[in-house]
Amino acid sequence: MENRVTVFCGIDWAESHHDVALVDDTGQLLAKRRITDDTAGYRLLLDLLAEYGDTAEEPIPVAIETGRGLLVAALNTGTRPIYAINPLAAARYRDRHSVSRKKSDAGDALVLANILRTDGHAHRQLPADTDLARAITVLARAQQDAVWARQQLVNQVRSLLREFFPAALDAFLGKQYGLARPEARAVLTSAPTPARAARLTPAQLRAALKRAGRTRGIDAEADRLRTIFRADYAHQPQAVEDAMGYQLLALIRQLHAACLAAEELTTAGEEHFRRHPDAEILLSFPGLGVQLAARVLAEIGDDRSRFADARALKAYAGSAPITRASGKKRYVGRRFIKNDRLITAGFLWAFSSLRASSGADTHYRRRREHGDWHAQAQRHLFNRMIGQLYHCLQTGQLFDEQHAFTSSAAVLTVAA
């Protein structure tokens, strides 16, 4: 019986075309192709893999420098293992084959294939998340990006108002959500300059508030705004003020679109998250609401084999410390290489859990008493909570306060 040759595939990804290289277990180049970034190119790639023995039972592993896109979706069918290699790591491997610093797309594809041949065990293949989990990842990240974009626009509007319209800051910054409130956007759209705002009548203010969706306390709010807008403030020259008013209108339109996008993505993300089987477990944890739990699920996925143990998940999240030791020097500190979105959600989770869980609050306060800074204590609490989340997801259990925090102080607090 003829022995089957082990084959490895490397793909140098580009925007309009991709270079493909196939090597055997001795490093011998078996085939190389350049394919286009379209259906015809993807079909040619799959046919090439099949020609060299790619089957559902024994798929050819593929190394590529990205984990997203239509090419990856075409490859990610069946049981084929796909390895997303960091471009920095691929660049370091290139020096093993040539010290002249020469570079080509075909050569990079060959390097990627040899990475799997020699060090495939040291790299992690793409997780086998469900389609619903991947959809939640798309929506949760898009919602977070929309929130960040909204805040950037709010900062720009605030900076501009400080230069020529301080009355608007006095009118809206003290309210929840501040300048991102629908009332603030509606009023500033109606009167983008101090002079126009001062001429607004109570009826015009009430109409703007109603357009923003306000239904209660309209008369009192209109009177409050009218009093602020008619107060004595310094002014820019009229021509400059009018020009800044045009600039403010443009920013308000962008802010309105960003607010609408954030709201729509929030709704879609929450709907998808509630349909996921892991939602009940995540929501049982103190401090995790629907939106924050969706962000956590988006980053850890639902492939139970993705992390070997709780320590691997903690390292991925950046909550576990890292040790650097050389000679007589030894340093234990926070990780810089981590999933930034997950650690951001983790800090929010830890902060929110202080009020929702007496055990979490006791744990945090004990860390502060031992000398931790606020951020250190929060990171330590998140480290503990995400380890508990790993256990609950693996075993299908809901969060239990008394089992999660078994110290005597926490148990006494819960019992009281």
Side-chain angles (χ1 to χ4, degrees), residues 140-202 204-214 217-218 220-267 269 291-292 295 340-341 343-345 347-348 351-352 374-375 378:
R141 290 179 176 179
Q143 190 271 345
Q144 189 174 36
D145 291 340
V147 170
W148 288 339
R150 181 181 65 190
Q151 187 57 49
Q152 287 181 339
L153 287 166
V154 167
N155 293 342
Q156 292 180 48
V157 171
R158 181 179 179 274
S159 178
L160 179 60
L161 291 175
R162 283 179 59 85
E163 294 185 17
F164 85 111
F165 199 171
L169 298 178
D170 294 339
F172 300 113
L173 276 188
K175 298 282 189 176
Q176 187 180 20
Y177 303 119
L179 295 170
R181 291 172 63 85
E183 294 97 324
R185 288 181 271 134
V187 171
L188 291 177
T189 299
S190 301
T193 64
R196 292 174 62 179
R199 293 195 297 268
L200 287 174
T201 65
Q204 290 172 324
L205 285 168
R206 287 194 294 269
L209 294 173
K210 289 179 181 178
R211 285 197 302 273
R214 189 177 182 115
I218 293 178
E221 180 67 6
D223 291 340
R224 185 186 73 87
L225 293 175
R226 190 163 186 261
T227 300
I228 293 175
F229 290 151
R230 293 197 168 194
D232 187 21
Y233 290 93
H235 287 268
Q236 293 276 5
Q238 192 60 50
V240 176
E241 182 178 290
D242 291 341
M244 289 183 167
Y246 284 115
Q247 182 183 3
L248 177 61
L249 271 178
L251 287 175
I252 292 296
R253 291 191 185 100
Q254 296 177 58
L255 177 58
H256 181 72
C259 291
L260 183 61
E263 292 167 4
E264 291 177 347
L265 288 168
T266 298
T267 301
Q291 186 175 316
L292 193 55
R295 290 184 183 178
D340 290 332
R341 290 182 186 268
I343 192 68
T344 300
F347 274 108
L348 294 173
F351 184 77
S352 301
H374 170 68
Q378 273 193 303

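No experiment lies behind these values; they were computed from the predicted model shown.
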- Residue pairs meeting side chain to side chain donor-acceptor pair (under 3.5 Å), one or both in residues 166-181, sequence neighbours left out, come to D170-Y233, R181-E183

- Query: Can you name the residues that form a side chain to side chain donor-acceptor pair (under 3.5 Å) with Q143, not counting sequence neighbours?
  - Reply: T266, R295

- Apply the test side-chain contact (heavy atoms from CB on, under 4.5 Å) to residues L255 and Q156: give CA-CA distance (whole Å), side-chain angles for both, the deciding distance (0.1 Å), then the verdict. CA-CA 10 Å; L255 177 58; Q156 292 180 48; over 6 Å; no

- Item | Residues that R206 engages under salt bridge (Lys or Arg N to Asp or Glu O under 4.0 Å), provided they are two or more places apart | D219

- Query: A184 and G178: which non-hydrogen atoms are nearest, and at how many Å?
  - Reply: CB-O, 3.9 Å

- Under the side-chain contact (heavy atoms from CB on, under 4.5 Å) rule, collect the residues that match up with Q254, sequence neighbours excluded. L153, L251

- Message: By the salt bridge (Lys or Arg N to Asp or Glu O under 4.0 Å) test, which pairs, at least two apart or in different chains, include something from residues 239-263?
- Response: none

- Task: Using the test ring pair (Phe, Tyr, Trp, His ring centres under 6.0 Å), find all partners of H235 that sit at least two apart in sequence or belong to another chain.
- Result: none

- Message: The test is side-chain contact (heavy atoms from CB on, under 4.5 Å); show your working for F347 and T344 and say whether it passes.
- Response: CA-CA 5 Å; F347 274 108; T344 300; over 6 Å; no

Compile the donor-acceptor pairs under 3.5 Å between side chains in residues 185-200 and protein atoms, sequence neighbours left out, one pair per line.
| from | atom 1 | to | atom 2 | distance (Å) |
| --- | --- | --- | --- | --- |
| R185 | NE | A180 | O | 3.2 |
| R185 | NH1 | H256 | ND1 | 2.7 |
| R185 | NH2 | A180 | O | 3.3 |
| T189 | OG1 | R185 | O | 2.6 |
| S190 | OG | A186 | O | 3.1 |
| S190 | OG | R211 | NH2 | 2.8 |
| T193 | OG1 | R196 | N | 3.3 |
| R196 | NH2 | S190 | O | 3.4 |

- Message: Just so I know, are the side chains of L169 and L179 near enough to count as touching, which here means a heavy-atom distance under 4.5 Å?
- Response: yes

- Task: Taking T227 for its side chain and D223 for its backbone only, find out whether a donor-acceptor pair lies under 3.5 Å.
- Result: yes

- Take atom CZ in F351; do more than 12 heavy atoms of anything else shown fall under 6.0 Å from it? no

- Query: Going through the distances and angles, do L225 and F172 end up as a side-chain contact (heavy atoms from CB on, under 4.5 Å)?
  - Reply: CA-CA 9 Å; L225 293 175; F172 300 113; 3.9 Å; yes

- Message: Once salt bridge (Lys or Arg N to Asp or Glu O under 4.0 Å) is applied, what residue pairs with a partner in residues 225-237 remain, sequence neighbours excluded?
- Response: none

- Task: Calculate, to the nearest 0.5 Å, the distance between atoms CG and CG belonging to L160 and N155 respectively.
- Result: 12.5 Å

- Task: Would you please name every residue forming a side chain to side chain donor-acceptor pair (under 3.5 Å) with Q236, sequence neighbours left out?
- Result: none

- Note on the structure: Those residues at least two apart in sequence (or on a different chain) that pass salt bridge (Lys or Arg N to Asp or Glu O under 4.0 Å) with R224 are E221

- With sequence neighbours excluded, what pairs up with A146 under the side-chain contact (heavy atoms from CB on, under 4.5 Å) test? A262, L265

- Task: Any salt bridge (Lys or Arg N to Asp or Glu O under 4.0 Å) involving residues 144-167? Give me the pairs, sequence neighbours left out, ordered by first then second residue.
- Result: D145-R341

